[in-house]
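Presented below is the structure to which this report refers.
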Number of protein chains: 2
Amino acid sequence: MSTKTDILEAAMHVFAERGFRGGTVREICERAGANVAAVNYHFHDKSSLYAEVLQHAYRNAGAGEAMPTLADAPDQPEKQLAAWIHWYVRRLLHSDGTPVGRLMARELADPTEALDHLARGAVQPVFSELGRLVAAVAGGGLDDRRLKLQCITIVGQCLVFHSGRAMLQRLEPPHFTSDDAEEIARHITAGAIRACDPTPLESRR
Amino acid sequence: MSTKTDILEAAMHVFAERGFRGGTVREICERAGANVAAVNYHFHDKSSLYAEVLQHAYRNAGAGEAMPTLADAPDQPEKQLAAWIHWYVRRLLHSDGTPVGRLMARELADPTEALDHLARGAVQPVFSELGRLVAAVAGGGLDDRRLKLQCITIVGQCLVFHSGRAMLQRLEPPHFTSDDAEEIARHITAGAIRACDPTPLESRR
DNA sequence: GCCTGTTTGAAACGGATGTTTGCATCCAGA
DNA sequence: TCTGGATGCAAACATCCGTTTCAAACAGGC
């Protein structure tokens, strides 16, 4: 039974590094110290192995800190929103352990049928909680579309530091690494809270 | 000379659909109505063809519409920043013709050596212009790191509507399509201009 | 120890892919 | 008309990949 889990672990890293097509079963098996035929014996084929890798990765992803929610402190929505953004940024940048972030990015660039299950099961709850937090900070001053827009742009600001990392590193400095997660989170939080302020743009001076 | 451009055009669509590894020389040539050896004759090899496709796609993206710059109206930085964001969002979402967005997303998820050239040649100028615009709107009230942070988060907010599209469509409505480019751009612009306001967060009420 | 079902291993298979080769074709310019 | 370089084409080549085969090694119940 050790061989099967070894292959699963090795496949997770190989698929995260090289993608589904780029990752070869030979590299997976070599990394797992197993024979080439082991993949087809323990899993039916390469595709089934990939599906199990995704499930395994997402199941073990929430092993870290718990997501901050509005219910934790209903009277301090701004503090909870800040905590949520900090949690999300740290989750994205501190990819110690399972490289679930890279697997996710690859799924977005090249969606398979596994993305539907992932969206409903793992992403929607996180997104819904962000919606509750933003709505609470805004105090009901946002309609559905503006609320959704605000949530998407918050997530986008966090995501770009991970998904766009390869590009950002090739542009001119200053650069931002995982050590700057707190600075990044503070910046995004400040912008998000200001955006929830119902004051019109023209009267801010 | 027609064969070379035919191959370039066909390769752009094939690489956008299937990625660099997934797109085969044979499919490209079949689509271009050329022989398999044409790729290695006109371009050195598959990698060089891919690099030329990336540059060609990014250069011709949103052809006809020039990037708004600060130099166009140095006394109206906010208006120019709004124009820049609108231009960038429209460029990302209205991918009529060249599928530059999908190519970039794939390149970010799976960087090749072509990304270096792309970053220096095509992306850095666009990013630098955004930096000038944000600096002008802020009126010199931002240091290097905060300026860079602001630019990255602006780009991130635009990008997420494209790179995260597959996921966003699978979440709960309301959804945003390319028809909502103007609404999206206005939302991002409003947030960006507020973020450049040097007023401390606590005194906004 | 023997039998039975499970797991591992080396090798090979069949197919796909990037690239090369050798020759045919075209087409200005002498 | 002849020529030489540029281009196009069919076929072959070399390599890599996922998968299969089949026999050996193993584990546990009798």
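Residue numbers begin at 1 in each chain, while the letters A, B, ... track the order of the sequences.
When rounded to the nearest whole Å, the span between CZ of Phe15(B) and C1' of dT17(C) equals 12 Å. In this structure, CD1 of Ile7(A) is placed 13 Å from C1' of dG9(C), rounded to the nearest angstrom. Between the P atom of dT20(C) and the CG atom of Asn40(B) lies a distance of 6 Å, rounded to the nearest Å. In this entry the distance linking CD of Glu30(A) with P of dG18(D) reads 13 Å, nearest Å. To the nearest angstrom, C1' of dT19(C) lies 14 Å from CG of Leu49(B). For Asp6(B) and dT7(D), the CG to C1' distance is 14 Å, given to the nearest whole Å.
A distance of 10.5 Å separates CG of Asp116(B) from CD of Gln169(A), quoted to the nearest 0.5 Å. Taking CG of Leu159(A) as the start and CG of Leu92(A) as the end, the distance is 5.5 Å to the nearest 0.5 Å.
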**Request:** Scan nucleotides 12-17 of chain D nucleotide by nucleotide, 5' to 3', and note B when protein non-hydrogen atoms come under 4.0 Å of the base, S if they reach only the sugar-phosphate, - if neither.
**Result:** B----B
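Residue contacts shown for Ala38(B) are absent, as no nucleic acid heavy atom lies under 4.0 Å away.
The salt bridge (Lys or Arg N to Asp or Glu O under 4.0 Å) analysis of residues 139-163 of chain A, with sequence neighbours excluded, yields the pairs Arg145(A)-Asp180(B), Arg145(A)-Glu183(B).
Thr3(B) has a side-chain polar atom (N or O) that falls below the 4.0 Å cut-off from OP1 or OP2 of dG8(D). Within the 4.0 Å cut-off from OP1 or OP2 of dA10(D), at least one side-chain nitrogen or oxygen of Asn35(B) is found.
Residues Arg26(B) and Glu30(B) are not paired through a salt bridge, judged by the lack of any N-O separation under 4.0 Å between the basic side chain and the carboxylate. The residues Glu27(B) and Arg31(B) are annotated as not salt-bridged, no charged nitrogen and carboxylate oxygen being separated by less than 4.0 angstrom.
Applying the 6.0 Å contact sphere to CD of Glu17(B) captures more than 12 heavy atoms from other residues, nucleotides or ligands.
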Would you be so kind as to tabulate the donor-acceptor pairs closer than 3.5 Å made by side chains of residues 124-141 of chain A, with sequence neighbours excluded?
unit_1: Gln124(A); atom_1: OE1; unit_2: Glu172(B); atom_2: N; d: 3.0
unit_1: Gln124(A); atom_1: NE2; unit_2: Ser128(A); atom_2: OG; d: 2.9
unit_1: Ser128(A); atom_1: OG; unit_2: Gln124(A); atom_2: O; d: 2.9
unit_1: Glu129(A); atom_1: OE1; unit_2: Arg132(A); atom_2: NE; d: 3.2
unit_1: Glu129(A); atom_1: OE1; unit_2: Arg132(A); atom_2: NH2; d: 2.9
unit_1: Glu129(A); atom_1: OE2; unit_2: Leu70(A); atom_2: N; d: 2.8

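In this structure, of dA10(D), dG9(C), dT7(C), it is dT7(C) that holds the atom nearest to the side chain of His42(A).
Nucleotides of DNA chain C nearest to Tyr41(A) and Ala37(A) differ in position, and the one nearer the 5' end is that of Tyr41(A).
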